[in-house]
Structure formats: structure tokens, C-alpha cells
Asker: 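This is the structure I have questions about; it appears just below.
Scope of the values below: all heavy atoms of this structure, side chains included, with no hydrogens, waters or symmetry mates. The chains referred to below are lettered A, B, ... by the order of the sequence lines, with proteins before strands, and numbering in each begins at 1. Just so you know, these numbers come straight off a predicted model, no measurement behind them.
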Amino acid sequence: MKTTKNDRRYRNGHLPWYRKKGVPRLIVGCILVLIVVLMVGVSLFWTPHSPVSGNLADRLVAPFHTGKSGTFYLLGTDPLGRDMTSRIMAGGQVSVLVALLTVALCALLSTFLGVLSGYYRGWVDSVLSMICEINISIPLFLIVIMIIAIFGSSVFVLALCLALNEWVSVFRQTRSKAIVQSNYEYVTAARVMGANNRKIIIHHLIPNIVPTTMVFSTLLVGSTIIAESGLAYLGLGVSKPFPTWGRMISEGQAYMNTEWWVSGIPAICIAILVLGVNLIGDGLRIIWRME
Amino acid sequence: MGQFIGKRLLRGLLTIFVTMVVVFLLIRMAPGDPASILAGSMDTDEAFVESLREEWGLDEPILKQFTVYVKNLVTGNLGYSYQYLTHGKPNQPVISLILQRLPRTFILAASVIIFSILIAIPLGTICAMKPGSWFDNLTFSIQMTITSIPNFYIGMILIALLAVKWKLLPTGGYGDFNSFIMPMLCLSFRYIVTFTRTTRTELGQILNSDYLRTAKAKGLSRTVVLFKHGLRNVLIPIVTMIGTRLGGLLTGAVYVETLFRYYGVGELLISAISARDYPTIQAVIPYIAAVFVIVNLAVDMSYFALDPRIRKK
């Protein structure tokens with residue numbers, strides 16, 4: 001008999017939080033992200049060596065080895081003798097900043113527009129849905145490349161472009177959630193009790209939509225980091241004050257077969273961060289039971 | 001059906017129009033004189049910039065300029081690309097570049113989709129039939145790993161191993177079949193993951209549905225149940241996927257073509273951007289948008305073939 005499994009009390013939603021299904025993923029994800037964020041955070045104040053200038057005598061020292069000058073390098077050095085550990089730590093700053101900024105923009109935009117569109121419907125909804133349709137069917141990434149090529153790439157331009165590229169996927173979710181929520185009785189009840197539209201939206205709809213925004217925005221962080229590294233690889237990323245991980249991968253391309261760590265370590269860092277964020281998003285999705 | 005296609009076509013035209021407006025405005029919003037921007041990185045003498053100004057009608061009112069731009073796009077009179085010079089003069093018409101490059105990217109994209117579907121459907125089917133098995137878990141872990149690594153790094157690993165170390169394939173280029181394998185393989189990884197996941201979730205739901213139990217209860221063989229009742233219904237979400245993932249596929253093609261020196265339209269665009277070759281840029285993007293519209297229309301039409309319920313409506 002499968003009744004116990006389908007019994008209401010035993011469903012994921014009714015378990016204590018530590019026994020819910022998505023929790024292991026959430027914890028592993030948090031640990032991975034925390035490692036990277038701590039590493040990047042520390043680099044704001046301290047790095048073992050200088051990330052921008054190196055010792056040419058210690059070119060391409062392997063990880064866990066000591067260079068000719070007698071300095072120990074945890075993650076080795078690059079072709080110009082710069083310490084990889086410091087470069088990785090400092091290089092993460094832009095990646096993390098761009099990802100956070102992009103996702104914050106996406107989340108704000110899509111919550112606000114999603115609620116407007118789902119609550120008021122009518123012409124607002126039609127216009128926004130049409131913008132969505134066009135957004136999907138245009139090769140938007142090419143336009144993003146063009147914007148960066150014309151206006152140069154600062155952290156803000158990059159974040160704005162990536163947000164432009166990705167907000168639609170969150171907007172669709174928040175919109176459909178807003179439609180479902182605004183048809184519930186509690187919204188009608190609030191209106192009967194004299195709440196105006198603004199009050200309903202701020203006090204009733206938005207708190208109910210925040211979980212959706214959180215899950216789908218978290219799932220965007222990964223693709224944003226990958227997209228940023230890709231732009232950096234194409235030479236369209238931010239390169240000041242420090243090279244980003246994507247740029248470092250492309251710098252190490254010539255050394256792939258002999259000195260794998262020059263491009264391998266930044267790639268591993270990207271992978272750890274993206275994996276961590278995706279696990280968090282996936283875990284939250286399972287815990288809050290969203291499909 | 002006619003009405004449906006007409007509606008979609010109209011929306012497609014609107015999409016192309018919006019793309020053209022955006023590209024047109026972006027170039028004119030750029031800091032500096034449009035003519036010197038269009039002339040790009042060339043050592044421009046004043047006469048050349050002047051001739052460009054005339055060609056693109058840059059001293060005309062902005063609406064007139066836009067009609068000239070549209071007219072040029074439609075008639076294929078797109079000017080010359082400024083990155084290929086002979087004796088310091090541009091000699092490559094943009095239209096011939098596009099006609100040369102677009103089919104290559106199209107072939108790459110089409111083979112990536114076909115190859116990924118051929119791999120992904122069997123994989124997803126095995127996972128869906130035994131959810132929670134070691135195979136399912138292994139596939140999930142591999143999926144998570146692949147989605148976390150940037151595509152271009154996977155390509156770099158492929159080059160390092162297959163081309164440099166084992167010397168099986170050329171490192172890049174365009175021409176024979178051998179140099180085609182790696183770009184396709186590299187671009188396929190992500191789509192294999194996506195399509196496997198879709199097949200697994202969709203088929204998983206279908207396998208638990210009532211009509212499938214009925215089919216089994218009727219005494220149909222396992223193969224008939226799986227293929228005729230199960231997998232046939234998976235095709236629709238997968239075809240939808242192709243439509244929505246087209247943008248990502250093109251993005252991937254930009255990286256892969258640059259990495260493997262596969263001279264397709266993505267590589268053309270990137271080299272045009274780094275050479276500030278604006279005539280090429282402002283022509284290529286609307287043409288790609290047009291291809292997008294056509295493929296999406298094809299995806300919409302294929303629903304009629306795949307789903308009898310839509311056909312009857």
C-alpha cells in the first residue's frame with residue numbers, strides 16, 4: 001500500500017523543516033556559495049600577494065609549489081608570475097557584483113511588473129505580455145553585445161544588459177502567480193473591507209509573490225555568472241580593476257595542455273559558485289513546492 | 001489554421017521591425033558622429049566619411065533615415081564591410097558575407113538539435129522509467145555539473161584533449177567534416193542536458209497518467225505503450241523547447257564559432273564588433289531576427305502535424 005506516502009500529514013509541506021526533501025541541497029548549496037563569497041569578500045581587504053603585479057622569476061609555478069624566489073604559491077602562478085590565489089580572490093569581485101546587481105534588477109522589475117500585469121490585467125497586461133513575446137523572439141543577446149560594444153562595459157552597463165536579457169523568465173512566473181493570488185477570496189475580502197488597490201498590492205499580493213521571485217531569481221544567478229564569464233571571454237567584460245574569471249580562462253587558453261591551472265582554477269571557481277547557487281534555487285523550489 | 005499562421009506572421013514582422021528600430025537607434029545614440037562610427041576603425045579621410053553620410057542619408061530627418069535603412073535592408077544594398085580590405089579599400093559587400101555565413105551557422109544549429117535529441121530521448125526515457133535509480137541519479141549529477149561549467153571552457157577542454165593531445169581532430173576551422181565535429185559536440189552538451197530533463201519530467205508525468213494505465217490494461221505490448229502513447233506526447237514539449245532555446249543556441253554559437261574558428265554568422269558578428277564594422281553589425285542583427293521568426297513559425301506549424309487536438313480546433 002502506498003497510502004502512507006500520500007497521506008496528507010507526510011507530505012513535504014507538513015514535515016518539520018529539517019526533514020524536508022530539498023534541505024540537503026539547500027545546505028550544500030549554501031556552503032559552496034559561502035566559501036566563494038567569503039573568499040571574494042576577504043579580497044576586498046587582503047590578498048596573499050598582489051593580484052596585478054607578479055614576479056617574473058616565478059612564472060607558471062604549479063599549485064602547492066614553491067617558486068624560484070622561495071615564495072610558496074597555494075594555487076600556482078600565471079604566465080606573468082602573478083599569484084593565482086590572489087587573482088582568483090580579486091577576480092571574483094566583478095563576477096559576484098554583476099550577478100547580484102543583475103538579479104536584484106530582475107527581481108525588482110519582475111515583481112513590480114508581474115503584480116501590475118497580473119492584478120490589473122487589461123491593457124497593461126496585454127502590453128507587457130507583448131513586450132515579453134518580442135523579448136523572447138528577438139536575438140536579444142546580440143543586441144546586448146552591441147550595446148556593450150558601443151557604450152563600453154562598466155559593471156552597471158553589464159548588469160543592465162544581462163537583466164534586460166533575463167528578466168522575462170522571472171516576470172512570467174510572477175505574473176501567473178499574481179493572477180492566481182488576485183483571484184483568491186482573501187483579496188476580495190480585503191477589498192470588501194475597504195482596502196484600495198495600492199494596499200492590496202503592497203500588503204497582500206507582494207508578500208505572497210516574494211517566494212516565487214526568490215526561487216526563480218536564484219535560478220537566474222547561475223546563468224548570469226556564466227553569461228558574464230562568456231562576455232569576458234569574448235573580451236567584452238569588465239577588466240578594471242581586476243580581470244574577471246572569464247577573462248582569466250581566456251588568458252589561460254594557450255596553456256591548456258601544459259599548465260592547466262591557469263584556466264582550470266577560474267573555471268572551477270565559476271563551477272563551484274554556479275553549482276552552489278543552482279542547488280540553493282533547486283532546494284528552495286522543492287521546499288516551497290513550485291514547479 | 002490560416003488565421004493562426006497569419007497572426008503569427010504578423011507578430012513575426014513586428015518582431016523584426018522592433019529589432020530594426022532598436023539597432024537603428026542604438027547606432028545613432030552612440031557617442032560621436034554616426035558617419036565616423038559607421039566608418040569604424042578605418043583611417044577615415046573626410047571625403048570617405050562624407051560619402052558615407054550621403055549613402056546612409058545622415059543629414060536627412062530621422063524618419064527619412066529610417067526608411068532608407070529599411071529600404072537598404074530589403075533590397076540587400078547593405079554597403080561594404082570595413083573589416084576586409086584590399087589596398088585599403090573595402091571590397092566585401094555585406095550581403096555576400098551574410099549569405100555565405102548564415103547557412104553555416106544554420107547547419108551547425110540544426111545538427112546540434114538533431115544530435116542532442118537523438119542522445120537525449122533515450123537517456124530521458126531510461127531515467128523516467130526508473131526514477132530514483134542509480135542511472136537517474138548519475139544522469140542528474142552529470143547534468144548539474146555540465147550546466148555549471150561555462151560552455152567555452154568545455155570547448156577548450158575538447159581542443160586540449162581531442163585535438164592537441166590525441167591529435168584526432170583539427171583544432172578548428174571551416175571546411176571538412178572533421179572540423180565540424182568539435183563545434184557541434186561542444187554546443188550539444190547543454191542541449192542534451194536540457195532535452196534529457198524535459199523528456200524525463202514529461203515522460204514521468206505521462207507514465208503515471210490514467211490513459212497509459214488504460215493502454216496497459218487493454219493488453220497492449222510495452223513497446224506500443226511506450227512509443228505510441230508515451231513518447232509521442234513528449235515530442236510536443238521538446239519541439240516547444242527548440243523554439244524557446246533558439247536564442248540560447250545562437251548565443252552558444254557565438255562562443256563556439258569564435259573558439260573553433262568556425263566562420264559562421266556568430267563569428268562574423270563578433271569580429272565585426274571588435275573591428276567596429278557597423279555596416280555589418282546593423283545588417284546582420286535584423287537578418288538573424290528574420291531567421292528566428294521563420295524557425296519559430298516552423299515550430300508553431302509543426303504542432304499541427306504533431307498534435308491532433310490542435311489540428312481539430
Asker: Given side-chain contact (heavy atoms from CB on, under 4.5 Å), test B:Ile270 with A:Ile145 step by step and report yes or no.
Answerer: CA-CA 8 Å; B:Ile270 288 298; A:Ile145 292 184; 3.9 Å; yes
Asker: Below 4.5 Å from any heavy atom of chain A, which atoms of B:Thr251 appear? Answer side chain, backbone, both or neither.
Answerer: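 Both backbone and side chain.
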Asker: Could you tell me which portion of B:Leu259 (side chain, backbone, both or neither) has an atom closer than 4.5 angstrom to a non-hydrogen atom of chain A?
Answerer: both
Asker: Would you say that A:Glu133 contacts B:Leu14 through its side chain, given a criterion of any heavy-atom pair below 4.5 Å between the two side chains?
Answerer: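 Not in contact.
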Asker: Going from OG1 on B:Thr19 to CD1 on A:Ile143, what distance comes out if it is rounded to the nearest 0.5 angstrom?
Answerer: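 The OG1 atom of B:Thr19 sits 5.5 Å away from the CD1 atom of A:Ile143.
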Asker: How far apart are the closest heavy atoms of A:Leu231 and B:Tyr255, and which atoms are they?
Answerer: N-OH, 3.6 Å
Asker: Need one label for B:Val22: side chain, backbone, both or neither, based on atoms under 4.5 Å from any heavy atom in chain A.
Answerer: side chain
Asker: Using a 4.5 Å cut-off on heavy atoms from C-beta on, say whether the side chain of B:Pro150 contacts that of A:Tyr233.
Answerer: no
Asker: If you count heavy-atom pairs under 4.5 Å with chain B, which of A:Gly264, A:Ser223, A:Pro266 comes out on top?
Answerer: A:Gly264
Asker: Under a 4.5 Å cut-off applied to non-hydrogen side-chain atoms, are B:Tyr153 and A:Met256 in contact?
Answerer: yes
Asker: Does B:Phe106 have more than 12 heavy atoms from other residues, nucleotides or ligands lying within 6.0 Å of its CZ?
Answerer: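 Incorrect, the count does not exceed 12.
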Asker: How close do A:Ala271 and B:Ile149 get, heavy atom to heavy atom, and via which atoms?
Answerer: CB-CG1, 4.2 Å
Asker: Let me confirm one number: the CD1-CZ distance from B:Ile285 to A:Phe141, rounded to the nearest 0.5 Å.
Answerer: 11.0 Å
Asker: For the residue pair B:Leu26 and A:Met146, what are the closest heavy atoms and their distance?
Answerer: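 So the two residues come closest at CB-CE, 4.0 Å.
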Asker: Counting only heavy atoms not in A:Phe156, do more than 12 fall under 6.0 Å of its CZ?
Answerer: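 No, CZ of A:Phe156 has 12 or fewer neighbouring heavy atoms, counting only those of other groups under 6.0 Å.
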Asker: Is chain B contacted by the side chain of A:Leu234, its backbone, both, or neither, given a heavy-atom distance below 4.5 Å?
Answerer: side chain
Asker: So how far is it from B:Met144 CE to A:Arg25 CZ, rounded to the nearest 0.5 Å?
Answerer: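 CZ of A:Arg25 is found 6.5 Å from CE of B:Met144.
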Asker: Once you round to the nearest 0.5 Å, how far does CH2 of A:Trp260 lie from CD1 of B:Ile157?
Answerer: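 Spacing of CH2 (A:Trp260) from CD1 (B:Ile157) equals 11.0 Å.
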Asker: Which distance, rounded to the nearest 0.5 Å, do you find between the OG1 of B:Thr147 and the CG of A:Leu275?
Answerer: 7.5 Å
Asker: When only pairs under 4.5 Å are counted, which of A:Val274, A:Ile226, A:Asn257 shares the most heavy-atom pairs with chain B?
Answerer: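 So the answer, after comparing A:Val274, A:Ile226, A:Asn257, is A:Asn257.
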Asker: Check each atom of A:Asp282 against the heavy atoms of chain B and say whether the ones under 4.5 Å are side chain, backbone, both or neither.
Answerer: side chain
Asker: Please step through side-chain contact (heavy atoms from CB on, under 4.5 Å) for the pair A:Ser250 and B:Phe152, ending with a clear verdict.
Answerer: CA-CA 9 Å; A:Ser250 82; B:Phe152 57 88; 5.9 Å; no
Asker: Grab the two heavy atoms, one from B:Met156 and one from A:Ile249, that are nearest each other, plus how far apart they are.
Answerer: CE-O, 3.5 Å
Asker: Give, for atom CD1 of A:Ile268 and atom OG of B:Ser148, the distance between the pair rounded to the nearest 0.5 Å.
Answerer: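 Those atoms lie 12.5 Å apart.
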